[in-house]
Undergrad: 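I am attaching a structure below and will ask some questions about it afterwards.
All heavy atoms count here, side chains included; hydrogens, waters and symmetry mates do not.
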Amino acid sequence: MTLGVDKKIVTWAALTAAALLISGCGGTAGAYSESAPTASGRPASPATPPAGGAAPGRASEAAAYEKWGLKPFAAPPAPPKDKPVKRVPGGPVPVISEIPTKDKVVFITIDDGAEKDPEFVKMMQELKVPVTMFLTDSAIRTDYGYFKPLAALGNGVANHTLTHPNLRTLGRSAQQREICGQQTKLAKEYGTTPRLFRPPYGNWNEDTRAAAGACGVDAIVLWRESMQIKNMQYQRGDKKLHPGDIILAHFRGPAELKGTTMTRMTADMLRRIQEQGFTVARLEDYV
């Protein structure tokens, strides 16, 4: 081989190596490079997706939702830096049934804790939809552990009294025993003292506010819609969701839902939310 040919080969090899380096194609065949992480800490979408179309995370999310007959929710907006609902130090406990926001988000709350369907835990682990659980001790004491994997997902644990009485029929000291007693029990079982409280049946009075405040509650949470078996019951005449609405559901099973499972009821609730163009946000990020 002549010297001139050797020089041409060396030059060609150097140019090829440089082109591969610039294009990022020097890795293993079939691999693709990820972009640097975004400000949220999650990696940006790859410039070249893997064979088959969607990135693996999005595909698995879509498959999880499809299992329940749903489509993935749009990501909720970033939580507000300044929470729109705050208790003024020394002031009365706020009573809310919706969050003041223009974002098309709603908040799911689930009460009592009587039904302990393991399929519901799997559903929440797969869908990762945020909920706040307002728990009553008389309903959950047979199995405190059932709610721990739900709390581990970041779902809120909130107070719904010890025994689920109509608080309007009780004096302030009796109301305080119901609320503070459940604060203590929930903190012991789940590691955090609740900041939110819901009175059974939505019944409260000024003694309730005073008792809740003495127990360290930051807000009394009511609701705008309640989920029935297949559809929602609306308080407003237009029978529509509004930005910031708080939705009430219950830990109930086939005996209370006329044969419908809790997972089926939940899927129907999520479908009603999607049909109206809303997504679900975490209540504790706003209160």
Side-chain angles (χ1 to χ4, degrees), residues 40-42 57-58 60-62 64-65 67-68 70-85 96-113 115-135 140 146-160 186 190-198 218-219 221-227 232 241-252 262-263 265-287:
S40 67
R42 295 181 180 180
R58 297 290 296 177
S60 61
E61 180 187 28
Y65 273 81
K67 172 183 174 180
W68 300 102
L70 299 165
K71 295 180 181 179
F73 278 98
K81 294 180 180 179
D82 188 25
K83 293 184 178 182
V85 178
I96 60 172
S97 51
E98 73 258 10
I99 299 295
T101 180
K102 294 180 180 178
D103 295 328
K104 291 200 74 173
V105 296
V106 294
F107 306 91
I108 296 175
T109 61
I110 311 179
D111 281 13
D112 301 340
E115 177 70 9
K116 301 171 184 67
D117 184 353
E119 288 299 309
F120 178 74
V121 176
K122 293 179 183 178
M123 183 184 202
M124 292 295 99
Q125 289 171 335
E126 292 172 358
L127 302 187
K128 298 177 175 59
V129 175
V131 302
T132 298
M133 303 177 290
F134 286 86
L135 302 178
I140 69 172
Y146 171 82
F147 302 93
K148 291 182 178 180
L150 292 169
L153 294 171
N155 295 312
V157 174
N159 188 330
H160 199 41
L186 293 174
Y190 304 106
T192 304
T193 301
R195 297 189 303 105
L196 306 181
F197 168 70
R198 172 170 286 156
D218 288 336
V221 181
L222 305 180
W223 60 90
R224 275 295 184 181
E225 292 82 24
S226 59
M227 184 63 194
M232 288 190 198
L241 294 172
H242 290 241
D245 277 1
I246 297 169
I247 299 170
L248 165 67
H250 290 85
F251 284 95
R252 290 177 176 166
M262 185 169 178
T263 54
M265 179 273 291
T266 303
D268 285 338
M269 174 172 58
L270 297 178
R271 194 172 294 111
R272 301 295 171 261
I273 294 169
Q274 288 184 331
E275 288 170 352
Q276 297 186 49
F278 284 82
T279 194
V280 182
R282 185 173 182 269
L283 182 59
E284 289 79 0
D285 289 337
Y286 289 74
V287 183

Undergrad: Considering residues at least two apart in sequence or located in another chain, which fulfil the side chain to side chain contact (heavy atoms under 4.5 Å, CB included) criterion with Asp112?
TA: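 Scan of Asp112 (side chain to side chain contact (heavy atoms under 4.5 Å, CB included), adjacent residues dropped) gives Thr136, His160, His164, His250.
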Undergrad: Quick one: list whatever passes side chain to side chain contact (heavy atoms under 4.5 Å, CB included) with Lys148, sequence neighbours left out.
TA: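 So Lys148 forms a side chain to side chain contact (heavy atoms under 4.5 Å, CB included) with Glu189, Tyr190.
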Undergrad: Hey, what do you get for CD (Glu225) to NE2 (His242), rounding to the nearest 0.5 Å?
TA: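 One finds 7.5 Å between CD of Glu225 and NE2 of His242.
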Undergrad: What distance separates Asn155 CG from Ile110 CD1, expressed to the nearest 0.5 Å?
TA: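 Here the interatomic distance stands at 8.0 Å.
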Undergrad: Go through the structure and list residues passing ring pair (Phe, Tyr, Trp, His ring centres under 6.0 Å) with Tyr65, not counting sequence neighbours.
TA: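 For Tyr65, no residue satisfies ring pair (Phe, Tyr, Trp, His ring centres under 6.0 Å) once neighbours in sequence are set aside.
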Undergrad: Kindly write out the residues that satisfy ring pair (Phe, Tyr, Trp, His ring centres under 6.0 Å) with Tyr286, not counting sequence neighbours, or none if the list is empty.
TA: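 Listed in chain order: Phe107.
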Undergrad: Can you tell me how far NZ of Lys116 sits from CG of Leu150, rounded to the nearest 0.5 angstrom?
TA: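 The distance works out to 12.0 Å.
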Undergrad: Using a 3.5 Å distance criterion without hydrogens, assess whether the side chain of Asp117 forms a donor-acceptor pair with backbone atoms of Glu119.
TA: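 Yes: the side chain of Asp117 pairs with the backbone of Glu119.
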Undergrad: Sub-3.5 Å donor-acceptor pair from the side chain of Arg198 to the main-chain atoms of Leu135, do we have one?
TA: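 Side chain of Arg198 to backbone of Leu135, a donor-acceptor pair under 3.5 Å: no, none is there.
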Undergrad: Check ring pair (Phe, Tyr, Trp, His ring centres under 6.0 Å) between Phe73 and all other residues, then give those that pass, not counting sequence neighbours.
TA: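 Scan of Phe73 (ring pair (Phe, Tyr, Trp, His ring centres under 6.0 Å), adjacent residues dropped) gives none.
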Undergrad: Is Glu284 salt-bridged to Arg195, cutoff N-O under 4.0 Å?
TA: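 Salt bridge flag = no for Arg195 with Glu284.
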Undergrad: Is there a donor-acceptor pair closer than 3.5 Å between any side-chain N or O of Thr263 and the backbone N or O of Phe120?
TA: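 The answer is no, because no donor-acceptor pair under 3.5 Å joins these two groups.
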Undergrad: If I take atom CE from residue Met269 and atom CG from residue Leu70, how far apart are they, to the nearest 0.5 angstrom?
TA: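 Result: 10.5 Å between the selected atoms.
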Undergrad: Among residues at least two apart in sequence or on other chains, which ones pass side chain to side chain contact (heavy atoms under 4.5 Å, CB included) with Gln276?
TA: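 By the side chain to side chain contact (heavy atoms under 4.5 Å, CB included) rule, Gln276 matches Tyr234, Lys240, Leu241, Phe278.
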Undergrad: Could you go through Met123 and Thr266, starting from their C-alpha distance and side-chain angles, then the distance that decides it, and tell me whether this counts as side chain to side chain contact (heavy atoms under 4.5 Å, CB included)?
TA: CA-CA 9 Å; Met123 183 184 202; Thr266 303; 4.0 Å; yes
Undergrad: As an exercise, state the distance from CD1 of Ile140 to CE of Met133, rounded to the nearest 0.5 Å.
TA: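 These two atoms lie 9.0 Å from each other.
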Undergrad: What about Phe251 and Phe134, are their ring centers closer than 6.0 Å?
TA: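 Centroid separation for Phe251 and Phe134: 6.0 Å or greater.
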Undergrad: Would you say Thr109's side chain and Ile247's backbone share a donor-acceptor pair under 3.5 angstrom?
TA: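 Checking the backbone N and O of Ile247 against the side chain of Thr109, a donor-acceptor pair under 3.5 Å is found.
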Undergrad: I need the Arg282 CZ to Ile108 CD1 distance, nearest 0.5 Å.
TA: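 So the gap between those two atoms works out to 14.0 Å.
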Undergrad: Check the pair Leu127 / Leu270 against side chain to side chain contact (heavy atoms under 4.5 Å, CB included), numbers first and verdict last.
TA: CA-CA 11 Å; Leu127 302 187; Leu270 297 178; 3.9 Å; yes
Undergrad: Could you check whether Glu98 and Trp223, counting side-chain N and O atoms only, form a donor-acceptor pair closer than 3.5 Å?
TA: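 Per modelled atom types, Trp223 and Glu98 side chains form no pair under 3.5 Å.
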